[in-house]
Each structure stands twice: as C-alpha cells, then as structure tokens.
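Reminder, nothing fancy here: chain letters follow the sequence lines and each chain counts from 1.
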Number of protein chains: 2
Amino acid sequence: MDAIHPQTTALIRKLESIAPLALEEKAALLRLPLRLKTTAADQDILREGDVPSECCLVVEGFACRYNVTAQGKRQILSFHISGDIPDLQSLHLKVMDHSLGTLIPSKLAFIQHDDLHSLMHSHPRLGDLFWRDTLIDAAVFRQWMVGIGRRSAYSRIAHLLCELLVKLRAVELVEDHVVNLPVTQAELGDALGLSTVHVNRVLQDLRGAGLISLHGKTLRVLDWDRLKTAGEFDPAYLHLRKRDAL
Amino acid sequence: MDAIHPQTTALIRKLESIAPLALEEKAALLRLPLRLKTTAADQDILREGDVPSECCLVVEGFACRYNVTAQGKRQILSFHISGDIPDLQSLHLKVMDHSLGTLIPSKLAFIQHDDLHSLMHSHPRLGDLFWRDTLIDAAVFRQWMVGIGRRSAYSRIAHLLCELLVKLRAVELVEDHVVNLPVTQAELGDALGLSTVHVNRVLQDLRGAGLISLHGKTLRVLDWDRLKTAGEFDPAYLHLRKRDAL
DNA sequence: CGCTAAATTGAGGTAGTTCAACCAAAGTGG
DNA sequence: CCACTTTGGTTGAACTACCTCAATTTAGCG
C-alpha cells in the first residue's frame with residue numbers, strides 16, 4: 001500500500017470502528033493530500049462565522065466544538081479524539097455555526113474540501129461512510145440533549161465518562177478500564193451544562209460510591225456495570241461496528 | 001411535469017428552502033413511489049430499537065423525535081413540519097436510537113430506502129442535498145444543546161418560538177407574524193428540559209412583556225426584535241437559502 | 001351539556017448556582 | 001534545583017431558578 005501520509009491511519013482506524021473498509025478504499029484514503037499542523041492547548045481551529053475550505057482531522061490530541069452565549073457562558077457540543085473530523089459538516093454547510101478548538105496540545109491534519117469531494121466521487125461508499133459519520137455525530141448530540149435536559153448531574157457525568165471510555169476504546173486508546181482524561185472539570189461542566197463546583201462535588205460522589213477513581217488525568221473505572229447503570233448508558237447510539245463487550 | 005405523487009410538493013418546497021432544485025430533480029422527486037398514511041395525534045411512527053426500511057415524509061401535521069429516560073422523563077429532540085423527513089438518518093443508521101411520533105393528526109408519506117438510494121444514485125446532487133438536510137438537523141440539535149445547557153428558561157422559550165416561526169415561514173406556513181402552534185405546554189417543556197408549570201409561568205412573562213400573545217393554538221409575535229433579543233436568536237444555524245428578513 | 005385535555009395558580013422543596021477563599025500540583029525561569 | 005506563578009481542584013455558605021405536588025379553572029369537543 002502506497003502510504004504517502006501515515007497520519008491518515010488514525011482516520012482509517014476510526015472509520016473502521018464504524019464500518020469495514022476495502023483495501024482500495026484504505027489506499028485512496030492514504031493518498032489524501034494533508035497539511036499537517038501541531039497546535040498548543042486551548043487554540044481555536046475555527047470560529048463561528050468562518051467559511052473553511054478544508055476539513056480538520058484530529059491525528060492526536062483532544063478537540064471540542066463549542067458555542068458561547070451572549071452572557072459569556074460556554075456550551076461544549078462535542079469532544080473529538082484521534083481519527084475524528086470534527087468539521088466534516090463544513091463540506092455542505094458553508095458558514096460555521098460554532099467554533100472548534102483544542103483542549104490539549106494536538107496534531108492536526110487539514111484536508112481540502114476539493115480533495116474530499118473527489119475522493120467521495122471516485123469512492124461512493126466512502127461518501128456514504130462520511131455521511132454516516134456525521135449522522136453518528138448527530139446521534140451523540142441527541143444523547144447529550146437527553147442528558148442535559150432530563151438527567152441529574154450524577155447521571156450525566158456517569159454517562160459522559162462511559163461515552164468517552166467506549167469511544168477511546170473503539171480507536172484503541174484504552175487499555176482495560178483506564179483512560180487518560182485530559183479534560184478539566186470546568187470543561188466537563190461546559191459540556192454537561194453544569195458549574196465547575198458542582199462537577200467537582202459529583203465527581204467526589206462517584207469516587208465515594210466506588211465507581212471511579214481519578215488521580216490527575218488518569219480515570220480508572222472501578223465498577224463498569226454500576227457506572228453504566230448510573231448513567232443509563234447504552235452504547236447503541238454510537239452505532240459502532242462491534243458492540244463493545246465492555 | 002409528470003406529477004404522480006403531489007404529496008411530494010411538500011418535500012420539494014422544503015428542499016428548495018435549503019438549496020435550489022433543477023427541473024429534472026424536481027421531476028425525479030415527484031416520481032418517487034409513496035405509501036400514504038393518515039394518523040391521529042400522539043401516535044408513534046417509529047420506536048427506539050426499530051429497524052425501518054423506509055423513510056417518513058411529513059406531508060401535513062406536526063411530528064417530533066424523542067427519547068424517554070429510565071425514570072420516565074421525556075426529552076423531545078426535534079419538531080418536524082411539512083416537508084421534513086425526520087428519520088432520514090435511518091438510511092445509514094440501521095437501528096433507531098430514538099422514537100418518532102405525531103403531535104397532532106398528520107398526513108405521512110413513506111418512501112422506501114431503496115427508492116431513495118437509487119434516486120440519489122441517479123441524482124448525486126440530491127444525495128448531497130439530503131446529506132445537507134441531515135447536517136442542518138444536527139445544527140439545530142447543537143443550538144438546542146446550547147439553550148438547554150446554558151440559557152435561562154425565558155431565553156430558551158423565546159429562542160424556540162423564533163425557530164418555529166422561521167422554519168414555518170421557510171415553507172410558507174406563516175402569514176406575517178402569526179403561527180398556528182399546535183404544541184402543548186407540556187410538550188414545550190419536554191423539548192426545552194423544563195417542567196410544564198415553569199413553561200406556563202414563563203409564557204406569561206413573555207406575554208406580560210408584550211413580546212407575544214397566545215390565544216389557544218394561535219401564537220402571535222408582537223415584538224419580533226425583542227423576542228429575537230430575548231432568545232439570542234440568530235437564524236444562521238438554520239442554513240436557509242434566503243436569510244429570512246424577519 | 002358533559003367530558004376530557006390543557007392551562008393556570010399556590011406553596012413548599014431541592015438540585016443546582018454563585019462567590020470567594022484556599023490548597024495542591026505542575027510548570028517555569030533564574 | 002528551588003522560589004514563583006499559574007492552573008486546576010476543593011471547600012463553605014448563601015442564594016435562586018426551577019421542580020413537584022396538588023388543586024382549580026378554562027377551553028375544546030362530541
């Protein structure tokens with residue numbers, strides 16, 4: 001296989017967590033021209049109102065999409081890890097209706113819209129797969145809405161931790177039930193519609209109940225079953241290829 | 001034009017609110033085989049876990065997608081009006097991760113997945129347009145997340161009313177600033193993550209402030225500018241073709 | 001007219017917020 | 001390698017936006 005851009009393997013790994021890829025499709029992905037970039041933490045990649053002409057692949061690191069209210073309150077809309085293309089929607093929605101930024105130092109790879117369009121033209125199944133990816137994105141939004149709108153803080157946090165664990169596991173960044181969780185409590189709060197203070201207290205509850213342990217950035221899930229129950233977590237909405245037997 | 005299924009005009013009108021359609025594309029849409037159905041209010045069309053083989057076009061009426069928590073709390077995820085295909089995502093996500101139901105008596109038209117796939121195959125631009133539609137869907141989810149997570153009840157309700165007005169206007173179901181709003185306060189609450197009682201009180205506030213009047217199902221926007229301000233409403237996220245000069 | 005669903009009101013409670021302080025860990029520059 | 005600074009985590013206390021429950025009124029409809 002003529003791998004010109006090995007960074008694309010992150011993308012391939014992620015897409016394969018969603019659907020199988022043919023050899024020729026992988027080869028075509030690897031031939032995608034990339035513009036590489038290394039960024040610090042807390043850097044904006046795109047801002048609301050921007051009109052991008054390329055998409056951003058997260059090769060390594062942690063990114064999030066977010067919106068800021070007129071009163072300066074931030075809502076994080078999604079987290080993104082290795083293999084994700086958080087702004088894939090910009091292929092068909094010209095103007096960004098939200099911002100995209102890094103949470104930790106990250107490696108990014110930018111792909112021209114034109115190159116993606118011609119890739120999908122020559123490989124329609126990849127086009128469907130990208131569409132499917134944006135649909136899964138939307139499914140996660142829906143699940144977050146349920147959490148923010150109708151679940152207690154305790155349940156919400158448990159749910160998010162479950163989701164992160166499963167997503168990281170799907171791209172093999174997890175060994176056993178231990179994750180590197182590079183997200184501050186303030187960021188968790190912004191994602192869940194909670195204050196930092198309350199996130200802190202609920203995390204203590206989760207620890208007190210023996211569901212997790214949290215030292216520095218290391219999250220260890222001590223009781224996966226009870227954490228799933230607490231968060232009412234059912235991974236079906238992630239539409240992964242192999243239902244993870246966690 | 002060989003209009004076999006005039007119900008499709010609702011779909012065409014809606015798609016044209018998003019992007020222009022070629023004559024041949026409209027003709028192809030009109031040739032789509034439809035299975036028509038008339039339903040009462042509060043009927044489930046699809047339930048979580050279902051594996052549909054057709055999509056549901058709302059010809060007339062009002063539908064919503066929703067999820068129910070283990071504790072029996074409902075979160076409404078989206079409202080759908082004439083021309084919408086609320087379960088378009090089922091083309092690529094086999095298992096429903098939420099339910100779909102009517103809010104009032106409605107006319108529905110079901111389209112086989114196969115027919116949609118071959119339509120998109122022969123008219124790739126329509127495929128892109130459907131994709132775009134699901135992306136706008138996701139943009140609305142994002143906006144709702146911001147509201148539920150970070151805005152006050154007052155602001156949230158104002159925002160939702162703005163959104164409904166603009167969406168109805170885009171498919172020409174609104175004259176001036178008066179809408180038929182066939183949604184109960186309980187349903188508004190389920191959409192916004194609020195209790196019925198609180199929705200009621202905030203609606204009174206909005207009336208007291210002279211922003212709206214609400215008699216029965218008739219919503220009249222008395223002060224569009226102040227309602228927009230109250231809801232921090234910017235229609236950009238709806239990605240409509242013509243930015244409505246409301 | 002009677003029935004039912006929806007809207008409205010009151011009162012009391014609580015899950016979450018805000019503010020402000022303090023502590024701990026992790027860099028960073030000298 | 002240590003003092004210094006910064007960032008993130010933790011705690012307490014006061015507050016409030018919103019919830020729950022339960023009753024009452026109003027509106028729609030056969």
Side-chain angles (χ1 to χ4, degrees), chain A residues 40-43 62 64 69 71-76 102-105 147-161 180-208 212-219 230, chain B residues 40-43 62 69 71-76 101-105 147-161 180-208 212-219 230:
Chain A
D42 299 310
Q43 297 301 303
F62 227 90
C64 77
T69 289
Q71 288 94 56
K73 303 194 170 214
R74 177 171 72 160
Q75 176 67 45
I76 291 183
T102 58
L103 292 173
I104 55 172
I148 300 173
R150 290 304 189 201
R151 284 199 250 262
S152 70
Y154 190 84
S155 182
R156 248 182 275 184
I157 295 186
H159 192 278
L160 180 57
L161 296 180
N180 186 284
L181 187 75
V183 178
T184 68
Q185 295 182 358
E187 286 155 354
L188 285 180
D190 283 346
L192 297 163
L194 296 170
S195 70
T196 311
V197 172
H198 202 57
V199 169
N200 182 284
R201 293 188 165 125
V202 173
L203 279 175
Q204 290 180 49
D205 291 346
L206 284 166
R207 286 185 281 204
I212 61 168
S213 82
L214 196 50
H215 295 103
K217 314 244 132 277
T218 306
L219 168 71
Chain B
D42 297 312
Q43 298 300 303
F62 226 90
T69 288
Q71 287 93 57
K73 303 194 170 214
R74 177 171 72 160
Q75 176 67 45
I76 290 182
T102 58
L103 293 173
I104 56 171
I148 300 172
R150 289 304 187 201
R151 282 199 250 261
S152 70
Y154 190 83
S155 182
R156 247 182 276 184
I157 294 186
H159 193 278
L160 180 56
L161 295 180
N180 187 284
L181 187 76
V183 178
T184 68
Q185 296 183 359
E187 286 155 354
L188 284 179
D190 283 346
L192 297 164
L194 297 171
S195 70
T196 310
V197 171
H198 202 57
V199 169
N200 182 282
R201 293 190 165 122
V202 173
L203 280 175
Q204 290 179 50
D205 291 346
L206 284 167
R207 286 185 281 204
I212 61 169
S213 82
L214 196 50
H215 296 103
K217 313 244 131 279
T218 305
L219 168 71

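- Applying the 4.0 Å criterion to OP1 and OP2 of dA7(C), one finds that Gln204(B) has every side-chain N and O outside that range.
- For the residue pair Leu194(A) and Arg156(A), the shortest heavy atom distance occurs at CD2-NH1, 3.6 Å.
- The backbone N or O of Val197(B) sits nowhere less than 3.5 Å from a side-chain atom of Gln185(B) that would complete a donor-acceptor pair.
- Across the protein-nucleic acid pair, Leu214(A) atom CG and dA24(C) atom P stand 17 Å apart, rounded to whole Å.
- Between the C1' atom of dA7(C) and the CD1 atom of Ile212(B) lies a distance of 14 Å, rounded to the nearest Å.
- Taking side-chain N and O atoms only, Lys73(B) has no distance below 4.0 Å to OP1 or OP2 of dC19(D).
- Here Lys73(A) does not pair with Asp190(A) in a salt bridge; the nearest charged N to carboxylate O distance is not below 4.0 Å.
- Thr184(A) contributes a side-chain N or O that, together with a main-chain N or O of Glu187(A), makes up a donor-acceptor pair within less than 3.5 Å.
- Within the structure, every side-chain polar atom (N or O) of Arg207(B) is placed at least 4.0 Å from both OP1 and OP2 of dA7(C).
- One can place CG of Leu219(B) at 13 Å from P of dA7(C), the figure rounded to the nearest angstrom.
- The backbone N or O of Gly72(B) lies less than 3.5 Å from no partner atom in the side chain of Thr69(B), so there is not a single donor-acceptor pair.
- Taking 4.5 Å as the limit, some side-chain heavy atom of Arg207(B) sits within range of a side-chain heavy atom of Ile212(B).
- Two residues, Asn200(A) and Arg150(A), neighbour DNA chain D, and the one matched to the more 5' nucleotide by heavy-atom proximity is Asn200(A).
- Between the CG atom of Leu203(A) and the C1' atom of dT11(D) there is a distance of 15 Å, given to the nearest Å.
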Residue pair Tyr154(B), Asp205(B): steps toward the side-chain contact (heavy atoms from CB on, under 4.5 Å) verdict: CA-CA 8 Å; Tyr154(B) 190 83; Asp205(B) 291 346; 3.8 Å; yes
Reading 5' to 3' through nucleotides 13-18 of chain D, protein heavy-atom contacts under 4.0 Å coded B for base, S for sugar-phosphate only, - for none: B----B
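- Taken to the nearest 0.5 Å, the CG atom of Leu161(A) stands 6.5 Å off from the CG atom of Leu181(A).
- Between the CG atom of Leu103(B) and the P atom of dA6(C) there is a distance of 11 Å, given to the nearest Å.
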Atom pairs under 3.5 Å: protein N/O with N/O of nucleotides 23-30 of chain D:
none

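- Distance alone, capped at 3.5 Å, places no donor-acceptor pair between the Gln75(A) side chain and the Gly147(B) backbone.
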